[in-house]
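Note that this is a predicted model, so its numbers are computed, not measured. Residue numbering restarts at 1 for every chain, and letters A, B, ... go by the order of the sequence lines.
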Number of protein chains: 2
Amino acid sequence: MRRFKIPEVTVGRLSLYLRCLNELEEEGIEVVSSAELGRRCGVNPAQIRKDLAYFGEFGTRGVGYYVKELKEDIKRVMGLNKTWEVALVGVGNLGTALLRYKGFQRHGFRLSVAFDHQTEGKDVPEGCELYHSSEMERVIRERGIKVAIISVHYSQAQQVAEELARAGVKGILNFAPVRIQLSKGVVVRNVDMGTELEILTFYLTMKGTR
Amino acid sequence: MRRFKIPEVTVGRLSLYLRCLNELEEEGIEVVSSAELGRRCGVNPAQIRKDLAYFGEFGTRGVGYYVKELKEDIKRVMGLNKTWEVALVGVGNLGTALLRYKGFQRHGFRLSVAFDHQTEGKDVPEGCELYHSSEMERVIRERGIKVAIISVHYSQAQQVAEELARAGVKGILNFAPVRIQLSKGVVVRNVDMGTELEILTFYLTMKGTR
DNA sequence: TTAGTTTTGTGAAAGTTACCACATGGAGGG
DNA sequence: CCCTCCATGTGGTAACTTTCACAAAACTAA
């Protein structure tokens with residue numbers, strides 16, 4: 001079974017496995033079974049094996065998976081064996097926090113450029129260059145950046161996304177509470193914190209909390 | 001068809017419909033069909049009707065849905081007809097940004113207390129009180145807060161979650177890159193920005209970008 | 001009242017995703 | 001070398017989600 005249509009849930013779990021494998025490696029564990037991995041990250045063992053089977057055969061029957069190897073295999077499959085340059089658009093509260101967020105680096109992402117309508121008085125971390133929005137298309141095109149984060153006001157998100165697409169960006173992580181509509185060719189993922197909280201309160205309300 | 005087990009995707013879409021209904025209301029549109037609503041938020045009309053059917057009959061055949069009514073119905077179903085007090089734990093980069101994020105208020109959430117190990121020199125917005133972590137369990141219990149956001153370092157997330165659960169919190173929105181494990185009775189939702197970016201690069205890699 | 005139009009609510013089909021259960025094959029011991 | 005043990009890889013099935021398609025209902029107009 002090899003690379004056809006991979007469900008999104010599977011890809012999300014790969015990322016989860018990766019994190020878990022990193023922990024195992026830190027603990028000095030060299031081999032892990034799908035049963036143990038499943039226990040650790042709360043996924044059914046058969047599920048794990050099926051997920052991995054989309055991409056090849058990584059395990060050894062009767063033994064399990066070699067932690068280091070599997071980790072590298074998943075990274076390769078997900079395109080994480082190289083560093084990705086990422087552009088961030090919208091250096092407000094959230095944008096600033098994202099720029100300073102250490103987690104991205106750990107995953108092999110480098111937020112190397114940021115854009116805003118207002119560059120005065122904005123403080124970006126070292127290694128990141130701040131440009132005025134009017135330079136966005138040019139800079140992104142010149143650097144060949146393929147991934148961008150949108151953290152602008154929701155009223156501008158759609159427009160910014162379209163501009164990013166024109167500049168050659170192929171993947172967008174959108175924090176604005178809007179479902180961005182783009183012609184295909186660009187992958188958009190939405191992180192909507194308002195919705196997340198609402199899903200939470202829904203379940204609390206169902207269970208009669210409060 | 002009425003309240004049994006509601007799929008999580010359905011709940012997420014309810015939140016989406018709500019946002020769309022707000023826009024319709026602002027535009028002065030009073031009635032909307034599932035077809036039009038579906039077009040606007042990119043969801044199949046039958047899907048919308050099925051989603052709503054879990055909770056009752058809100059439409060009028062041959063007419064559609066009254067925007068204002070449906071909005072109120074969805075808000076009621078999701079428990080959004082009242083304000084929820086929310087506690088935030090971990091006032092670092094991300095925590096600070098979340099405290100200042102205006103989006104939560106719009107959805108009827110009030111971040112009224114924040115906790116951190118280090119309260120000196122932290123600047124929280126008006127209307128929000130900052131306490132030392134050692135006070136967390138007491139303050140949350142006294143105020144009867146049921147919802148919390150975790151934005152601490154991942155190494156502390158599990159422990160904080162357990163403490164929150166002891167304090168009576170029933171819903172947790174976790175921004176730390178860890179799958180929190182709690183005995184049932186508490187709903188946990190994870191927002192993992194690293195994973196989101198990884199899913200993005202996976203699809204770019206598949207499509208041969210770069 | 002009746003005929004015509006429109007859009008809901010929903011049973012059933014189609015399409016996905018998760019899980020079970022077991023044959024398969026590698027590893028190690030005797 | 002063979003036999004046993006063990007965990008993978010996978011066919012089949014169950015569970016769940018989405019979509020189709022149409023009867024039922026409401027509104028309109030004559």
Side-chain angles (χ1 to χ4, degrees), chain A residues 1-17 20-21 24 29-71 73-74 77 179 199 202-203, chain B residues 1-17 20-21 24 29-71 73-74 77 179 199 202-203:
Chain A
M1 204 196 283
R2 256 173 200 279
R3 21 190 92 190
F4 244 67
K5 219 209 114 223
I6 316 291
E8 195 171 297
V9 273
T10 289
V11 185
R13 281 192 299 262
L14 286 185
S15 172
L16 179 61
Y17 304 154
C20 205
L21 289 167
L24 286 162
I29 295 168
E30 295 188 349
V31 181
V32 68
S33 66
S34 60
E36 170 61 11
L37 189 58
R39 203 190 48 69
R40 288 204 176 216
C41 55
V43 176
N44 179 299
Q47 181 80 79
I48 296 183
R49 299 198 297 273
K50 264 272 157 69
D51 284 340
L52 296 175
Y54 280 109
F55 306 99
E57 305 195 358
F58 303 114
T60 308
R61 296 180 186 210
V63 178
Y65 300 91
Y66 292 94
V67 171
K68 203 158 185 164
E69 266 182 39
L70 183 58
K71 196 186 104 174
D73 284 331
I74 294 181
V77 159
R179 279 286 178 287
I199 294 174
F202 169 82
Y203 285 111
Chain B
M1 205 196 285
R2 257 174 198 278
R3 22 190 91 190
F4 244 65
K5 221 209 113 225
I6 316 292
E8 196 171 295
V9 273
T10 289
V11 185
R13 281 193 299 262
L14 285 185
S15 172
L16 179 61
Y17 304 154
C20 205
L21 290 167
L24 286 162
I29 294 167
E30 295 188 348
V31 181
V32 68
S33 67
S34 61
E36 170 62 10
L37 189 58
R39 203 190 49 70
R40 289 204 176 215
C41 56
V43 176
N44 179 299
Q47 181 80 81
I48 297 182
R49 299 198 297 272
K50 264 270 153 71
D51 285 341
L52 296 175
Y54 280 108
F55 306 98
E57 305 195 358
F58 303 113
T60 308
R61 296 179 187 211
V63 178
Y65 300 90
Y66 291 95
V67 171
K68 204 159 185 164
E69 267 182 40
L70 183 57
K71 197 186 104 175
D73 284 331
I74 293 181
V77 159
R179 280 286 178 287
I199 294 174
F202 169 82
Y203 284 112

- Think B/Y65 has a side-chain N or O under 4.0 angstrom from the OP1 or OP2 of C/dG9?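 Yes, because at least one side-chain N or O of B/Y65 sits under 4.0 Å from OP1 or OP2 of C/dG9.
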- Message: Please determine whether a side-chain nitrogen or oxygen atom of A/S34 lies at a distance below 4.0 Å from atom OP1 or OP2 of D/dA7.
- Response: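 The answer is no; no side-chain N or O of A/S34 sits under 4.0 Å from OP1 or OP2.
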Rounded to whole angstrom units, what separation is found between the [atom1] atom of [X] and the [atom2] atom of [N]?
{"X": "B/L37", "N": "C/dG9", "atom1": "CG", "atom2": "C1'", "answer": "16 Å"}
{"X": "B/I48", "N": "C/dT7", "atom1": "CD1", "atom2": "P", "answer": "14 Å"}
{"X": "B/Y54", "N": "D/dT18", "atom1": "OH", "atom2": "P", "answer": "8 Å"}
{"X": "B/L52", "N": "C/dT8", "atom1": "CG", "atom2": "P", "answer": "10 Å"}
{"X": "B/D51", "N": "D/dT18", "atom1": "CG", "atom2": "C1'", "answer": "10 Å"}
{"X": "A/F58", "N": "C/dG26", "atom1": "CZ", "atom2": "P", "answer": "17 Å"}

Donor-acceptor pairs are to be reported for all side-chain atoms of residues 33-40 of chain A against protein atoms at under 3.5 Å, with residues two or more places apart or in another chain.
{"from": "A/S33", "atom 1": "OG", "to": "A/A35", "atom 2": "N", "distance (Å)": "3.4"}
{"from": "A/S33", "atom 1": "OG", "to": "A/E36", "atom 2": "N", "distance (Å)": "3.1"}
{"from": "A/S34", "atom 1": "OG", "to": "A/R49", "atom 2": "NH1", "distance (Å)": "3.0"}
{"from": "A/E36", "atom 1": "OE1", "to": "A/R39", "atom 2": "NE", "distance (Å)": "3.2"}
{"from": "A/E36", "atom 1": "OE1", "to": "A/R39", "atom 2": "NH2", "distance (Å)": "3.4"}
{"from": "A/E36", "atom 1": "OE2", "to": "A/R39", "atom 2": "NH2", "distance (Å)": "2.9"}
{"from": "A/E36", "atom 1": "OE2", "to": "A/R40", "atom 2": "NE", "distance (Å)": "3.0"}
{"from": "A/R40", "atom 1": "NH1", "to": "A/E27", "atom 2": "OE2", "distance (Å)": "3.0"}
{"from": "A/R40", "atom 1": "NH2", "to": "A/E27", "atom 2": "OE1", "distance (Å)": "3.0"}

- Item | Contacts of type side-chain hydrogen bond (donor to acceptor under 3.5 Å, both in side chains), residue B/D51, not counting sequence neighbours |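 For B/D51 the side-chain hydrogen bond (donor to acceptor under 3.5 Å, both in side chains) partners, ignoring immediate neighbours, are B/T10, B/R13, B/Y17.
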- Task: Return the set of residues passing ring pair (Phe, Tyr, Trp, His ring centres under 6.0 Å) with A/Y65 (not counting sequence neighbours), or none when no residue passes.
- Result: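 A/Y65 satisfies ring pair (Phe, Tyr, Trp, His ring centres under 6.0 Å) with no other residue.
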Measure all distances between protein nitrogen or oxygen atoms and nitrogen or oxygen atoms of nucleotides 19-23 of chain C, and list the pairs falling under 3.5 Å.
{"from": "C/dC19", "atom 1": "OP2", "to": "A/Q47", "atom 2": "OE1", "distance (Å)": "3.4"}
{"from": "C/dC19", "atom 1": "N4", "to": "A/K50", "atom 2": "NZ", "distance (Å)": "2.8"}
{"from": "C/dC20", "atom 1": "OP2", "to": "A/N44", "atom 2": "ND2", "distance (Å)": "3.1"}
{"from": "C/dA21", "atom 1": "N6", "to": "A/R49", "atom 2": "NH2", "distance (Å)": "3.1"}

- Find out whether A/L52 and A/L70 are in side-chain contact, i.e. whether some heavy atom of one side chain is under 4.5 Å from a heavy atom of the other.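 Side chain of A/L52 against side chain of A/L70, heavy atoms only: contact under 4.5 Å found.
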Where do N or O atoms of nucleotides 28-30 of chain D meet protein N or O atoms at under 3.5 Å, pair by pair?
none

